[in-house]
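Below is one structure, written out as structure tokens; comments come after it.
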Amino acid sequence: RYLLCEVCVPERSSLELMDERAIHHTLRAAVNRAHGDYGSALFNIGVNVKYLNALTGVVFIRCRKGHFRLIWSALPFITHLENRGQNVQCFFNCIHVGGTIKTCQKFLAQYNRQQLHRMLLDCKTDAEKQQVRRAILNCSLVNVKGEEADDEEGSDDDDE
């Protein structure tokens, strides 16, 4: 399974301090605190950080299908990340659990589009609204919608 998470921080500039290794070590420590030796053993078997976007705070965490709930349950215990000698206060918001990276990417495209629509409501000037509208139009979901029809014929790997 793949956990699609957002790293929420008070200052967006502190996202640039993060790297995949720091998230991996922090996640390992959280699983160890929450689930002890059993959790640590399962973590070492097959958990890794597949992707981190340091600008948006999006993280893909890969784990074994039978153990994703154990990893998911440890996320609320993360209160800070330590990297390059600095502590960054943060928390992880798991926004999707998927069977493949492809399904997580589809969800992320839809999620980003929803966020842009929410931002459109908060815009105060016409220039800001135009900029957000252009960003919405650039979120190309044509391919995603076409692929969803193909996935409906196949197996649904998101259910459990």
> Any idea which heavy atoms bring V47 and C63 closest together, and the distance?
Replying inline: CG2-CB, 3.8 Å

> Minimum heavy-atom separation for C90 to L81, with atom names?
Replying inline: SG-CG, 3.8 Å

Between [X] and [Y], is there a shared hydrophobic cluster once you connect ILVMFWY residues whose side-chain heavy atoms come closer than 4.5 Å?
X: L27; Y: V9; value: yes
X: I23; Y: Y2; value: no
X: F43; Y: V59; value: yes

>> Can you confirm whether I61 sits close enough to C5 that some side-chain heavy atom of one is under 4.5 Å from a side-chain heavy atom of the other?
In response: yes

> Would you say the side chain of L42 lies within less than 4.5 Å of the side chain of R64, judging by non-hydrogen atoms?
Replying inline: no

To the nearest 0.5 Å, what is the distance between [atom1] ([X]) and [atom2] ([Y])?
X: H96; Y: Q110; atom1: NE2; atom2: CD; answer: 9.0 Å
X: R1; Y: R62; atom1: CZ; atom2: CZ; answer: 13.0 Å
X: L3; Y: K50; atom1: CG; atom2: NZ; answer: 13.5 Å

> Between L52 and M18, does a side-chain contact (heavy atoms from CB on, under 4.5 Å) hold up when you go through it step by step?
Replying inline: CA-CA 9 Å; L52 167 67; M18 293 185 216; 4.2 Å; yes

> Between N44 (side chain) and S40 (backbone), is there a donor-acceptor pair under 3.5 Å?
Replying inline: yes

Let me check something: any side-chain donor-acceptor pairs from residues 71-80 under 3.5 Å, sequence neighbours excluded? List them with distances.
unit_1, atom_1, unit_2, atom_2, d
S73, OG, H35, NE2, 2.8
S73, OG, R69, O, 3.2
S73, OG, L70, O, 2.8

>> Taking CZ in R21 as the centre, count heavy atoms belonging to other residues, nucleotides or ligands within less than 6.0 Å. Is the count above 12?
In response: no

> In terms of heavy-atom contacts, does CD of Q115 have more than 12 from other residues, nucleotides or ligands at under 6.0 Å?
Replying inline: yes

> Which ILVMFWY residues can you reach from L4 by hopping between side chains whose heavy atoms are under 4.5 Å apart?
Replying inline: Y51, V58, F60, I95, F107, L108, Y111

